[in-house]
Amino acid sequence: MNVPSYHINNLRELEAESIHIIREVAAEFENPVMLYSIGKDSSVMVRLAEKAFYPGKVPFPLMHIDSKWKFREMTAFRDKYAKENGWDLIVHYNKKAYEEGVGPYTHGSKVHTDVMKTQALLEGLSKYKFDAAFGGARRDEEKSRAKERIYSFRDRYHQWDPKNQRPELWDIYNAKVHKGESIRVFPISNWTELDIWQYIRLEQIPIVPLYYAKERPVVNVDGNFILVDDDRMPPEMAAKAEMRKVRFRTLGCYPLTGAIESEADTIEKIVEEMMVVTKSERTTRVIDFDQEASMEQKKREGYF
Amino acid sequence: MEIKDFLDQDQKKDLLRFLTAGSVDDGKSTLIGRLLFDSKKLYEDQLSALERDSKREGHAGEEIDYALLLDGLKAEREQGITIDVAYRYFSTAKRKFIIADTPGHEQYTRNMVTGASTANLAIILIDARKGVITQTKRHTFLVSLLGIKHVALAVNKMDLVDYSEEVYDKICTDYKEFITPLGIPDVRFFPMSALKGENVVDLSDKMPWYHGKSMLEYLETIHITSDRNFSDWRFPVQYVIRPSLDYRAFAGKVASGIVSVGDEVLVLPSRKTSRVKEIVTFDESPEMAFPPQSVSLTLEDEIDVSRGDMLVHPANIPVISRHFEAMLVWMDEKPMNFNTQFYIKHNSNTTKARIDNINYMMNINTLEKYQTRAFNLNEIGHVTITSVKPLFFDPYQKNRQTGSFILIDPMTHNTVAVGMITDKTSAEQTHRITQHEFQQVVKGELLIDLDTKERRFNQKPHTLWITGLHGSGKNELAYTLYRELFHQGATVVLFDGKSVRAGLSRELDYSPADRAEHLRRVAHLCRLLNDQGILVICSFVSPDQSVRDQVSSIIGEDKFHLTYLDADLDFCRKNDKYGIYELADQGKIQHLAGIDMPFDIPPTPAIVLKAEKKDQHAEDVLLYLSQHKIFPLS
């Protein structure tokens, strides 16, 4: 037998695994949704979903939890992408809190994140009675995720109990949930950051331009470069703005996401830069420093 | 190297998934740390053209606490135990790797089995000072159970035995002796010191007597592609893609084997055939597909195919059966209960299943077999299972994809057990499957004592069980008796095969295993009714003596009166109103007692009736009932 012709490279193997997971969920759950953060991982996940059901339409919608403080470029990208690719897009936000004026500058990052992200997410999931929600989390992102399942079980309150997760073997996933319970599904669990960039490069997947270095007006806050994205930034802060060539390694709410100085304006240069930077990817997200093991805490509360 | 070239090269690499087994004391964290961090440094050195961050922290510094770097969840840190499998990722210039790190002493089996299920290879660590110990054997057994084909035995801490070749050789010899019967095809040995970095990434100069590869070099070069099954094409249909009314593509992952455009296809279970028209993917329409690719297939003909079906080549089909044997690993805190009907998920099929029997249990420390009545957490045993719908499977050792399944508890929805199919159930074993019933009968509480009931009904609530070949006149007798007893004032209930199979046993067929289950249900009905003071008449072929014995033990031997209708086959054929024997002769039905299945003549029936003396049967039985003061009581 001519074995070498059946060689599969790592990206294609990961792709096949992810497509299998996405199809399983679509087949076994009544009402799945794909959570769309507009970030690079989400962009890959969305492409995988498009591949999984080609030439058919993806049988579930995208949902973006809008904290109302996302970069403007993200929102524009989101609407354009969904429209061009025929996605059913749900944009959900915490209306009550938004009308009360909750934001990171007035309420602090912890309250803002909790109310506009975690609570808004739970509200959105409950409103549409989704029983499965895809997320673009990866196991290599952060320590508490190294042990996360592909199908992560959540109770009626959307809570995650690390001690009460189901064994997961081979590629057989347990899709049984009681009414009100749900699962979060992480189809790109086994992808690394490098895999994501490789795949974006290979497949020419569009991503938000904020990932590429460009001269942008930023304010230096304790070493994090915060973009002046709109006029909600306090004027005394915005007054300190300076033009620097920066890019973002992760995307979130603009006041909480620091840029890094960079010359990387292509994927190749981003990877090159990534290979020599030792800081872990999430260190530019301010929320992680709120408390020890805070990602785990947020997962328990229902955020990813 | 230019970054573009680097990425182009990186993209072509394949993926190796491996498991590490051993405790922290064996230096497992140190080994993983070395692989993760030292290889990363090496990998990045490939990019010699890249600017280096001079302030980067220590590379292979012995001060690095690797265990801390690998640290996981908060709950686990607080308890000081590791409760789960952690997945770690690293890459070298030649390959990408996913490590399933299965730590901990507690829950060891559950974790290791989980990690091993997706691994191509296992590294088993041994402390050179301790040699092959119970733990080593346990790990190796689990690795072989999960069908891992490559084992690397890492004889670690060689620095603490002065890099002695003699010590190393002794350990290798001991291990080979132990591993031979397990049949793992590829076993390699590595003398190493993870702490000092000897033979992990680079070859050591401390052990010039060792002429093999370093651990990393081995991991980078071991050939794994041919471990996949390319012979037996199996395509479990996951999802049907229907973008328009006249287009249907069947989506799935190629579980094994190779499919090409134009291949003849057999659909299971419908057995309809067609040909592959196109292999569809988002990117292209390839001429063939192989494992583990996720693709979609369109067929030449419009035939009904849905999720749970399997596409195969007509000349190479899997076993299709509802009865099979498997090695089962119990994963749940709650022990197994024989009365539970589980969900079974196998490929894209979910149906219900019951565990009919535990054939034996395996002590994973001594590899000795033992008998038990139920599974507890982390126990492993060989079982017989019956599913409601037929499954399409291959033995696990031949096909990991189609030989594996999980059991889900119907109440809690937890994954309570995982299994690896060993074979379909052989006929002589299925008739014994209700074995566990012997000690399982628990009496319900009697609200009114039996004496009072007996006096009220003027009868002893017993069960009269009529056995005999099809056509021997069982039902005529049963109906006559029922009428007679009713008119004489008895409170009596009648069960026959037809009425019970219409509802209570509707999902069961006539195979020995299902027949046994069917009669188990009937026996429990009899017991419940007898407890309520009611007399029961049963008319069933019930050809297996062992099953009749079980029925008797469920009902209670003192209450069970076996009536045997003694008829030869010629008599039965003549008396056969439904033409059953004719159908059996033509091979249209199977499992007919007296034809392709034995009928055990009961050795000690309470009543024997000669079939020919038909007119006397009812009278004889009524006489028996009154003589034994069953009815009337007085």
Side-chain angles (χ1 to χ4, degrees), chain A residues 1 3-4 6-17 19-20 23-24 26-28 50-57 139-140 143-144 146-147 162-163 165-174 176-178 189-190 192 194 198 201-202 268-269 271-272 275-278 292-293 296-297, chain B residues 3-4 7 10-15 44 47 50-53 56-57 71-75 83-89 91 96 98 110 113-114 117-118 225-226 228 230 238-239 241-243 251 253 258 280-282 290 292-294 307 331 343 345 348 400 404-406 408 413-415 418:
Chain A
M1 191 182 293
V3 170
Y6 308 130
H7 172 87
I8 187 164
N9 72 44
N10 67 86
L11 281 180
R12 293 296 167 215
E13 184 170 341
L14 291 172
E15 179 189 63
E17 177 182 276
I19 289 175
H20 174 257
R23 286 170 171 170
E24 274 300 284
E28 293 206 297
E50 290 164 359
K51 287 195 172 199
F53 303 101
Y54 174 85
K57 188 178 179 296
R139 282 175 180 151
D140 87 325
K143 279 176 194 169
S144 80
K147 302 185 176 188
K163 280 195 235 162
Q165 293 295 314
R166 296 163 173 179
E168 202 166 73
L169 284 89
W170 302 289
D171 55 3
I172 311 178
Y173 305 103
N174 177 350
K176 293 281 176 201
V177 290
H178 289 108
S189 284
N190 282 327
T192 63
L194 183 60
Q198 275 278 25
R201 174 175 174 263
L202 189 71
E268 286 80 6
K269 286 184 190 164
V271 172
E272 191 168 334
M275 299 298 289
V276 294
V277 170
T278 54
E292 193 222 354
E296 188 191 343
Q297 190 60 40
Chain B
I3 185 72
K4 268 202 167 62
L7 287 171
D10 181 84
Q11 179 194 311
K12 287 188 199 119
K13 295 187 294 199
D14 67 358
L15 186 62
E44 288 169 9
L47 286 161
L50 297 181
E51 205 183 320
R52 303 301 300 261
D53 181 348
R56 182 141 42 121
E57 281 168 53
D71 205 354
L73 300 173
K74 195 175 162 193
I83 51 175
D84 240 316
V85 184
Y87 295 90
R88 326 227 176 250
Y89 303 81
S91 196
K96 287 202 180 176
I98 300 179
R110 182 160 67 170
V113 164
T114 301
S117 73
T118 49
T225 304
S226 53
R228 296 193 171 118
F230 290 114
Q238 256 192 300
Y239 193 90
I241 297 172
R242 271 197 200 105
K253 191 159 110 176
I258 296 149
V280 186
T281 73
F282 183 88
F290 55 88
Q293 291 178 330
S294 282
R307 177 177 166 86
M331 310 288 271
Y343 288 110
K345 189 169 180 193
S348 56
R400 227 175 173 180
S404 51
F405 63 86
I406 63 172
I408 300 167
H413 288 170
N414 283 335
T415 302
V418 301

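Residue numbers start from 1 in every chain, and the chains themselves are labelled A, B, ... in the order their sequence lines are given, proteins ahead of strands.
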(Q) If we define contacts as heavy-atom pairs under 4.5 Å, which of B/P243, B/P292, B/A251, B/S294 has the most with chain A? (A) B/S294

(Q) Restricting to non-hydrogen atoms, name the atom on A/F53 and the atom on A/A26 that form the minimum distance, rounded to 0.1 Å. (A) CZ-CB, 3.5 Å

Q) When only pairs under 4.5 Å are counted, which of A/K269, A/R166, A/H178, A/E50 shares the most heavy-atom pairs with chain B? A) A/H178

Q.
For B/K4, which atoms come within 4.5 Å of any heavy atom of chain A: side chain, backbone, both, or neither?
A. both

**Q.** Proximity breakdown for B/R242 and chain A, heavy-atom pairs closer than 4.5 Å
**A.** neither

Q.
Which atoms of B/Y87 are under 4.5 Å from chain A, going by heavy atoms: the side chain, the backbone, both sets, or neither?
A. both

Q) Do side-chain atoms of B/Q11 reach the backbone of A/L11 as a donor and acceptor pair under 3.5 angstrom? A) no

Q) Is the closest basic N to carboxylate O distance between B/K96 and A/E13 below 4.0 Å? A) no

Q. When you measure from the side chain of A/N10 to the backbone N and O of B/D10, does any donor-acceptor pair fall under 3.5 Å?
A. yes

Q. Side chain, backbone, both or neither: which part of A/Q198 has an atom under 4.5 Å from a heavy atom of chain B?
A. side chain

Q: For the pair B/R110 (side chain) and B/M331 (backbone), establish whether a donor and an acceptor sit closer than 3.5 Å, ignoring hydrogens and angles.
A: yes

**Q.** Residue A/K57 versus chain B: region with a heavy atom under 4.5 Å
**A.** neither

Q.
Do the side chains of A/E15 and A/R12 get close enough for a salt bridge, i.e. N-O under 4.0 angstrom?
A. yes

Q. Listed by chain and number, what are the side chain to side chain donor-acceptor pair (under 3.5 Å) partners of A/K176, not counting sequence neighbours?
A. none

Q) Is chain B contacted by the side chain of A/N190, its backbone, both, or neither, given a heavy-atom distance below 4.5 Å? A) both

**Q.** Portion of A/Q165 that has a non-hydrogen atom of chain B nearer than 4.5 angstrom
**A.** neither

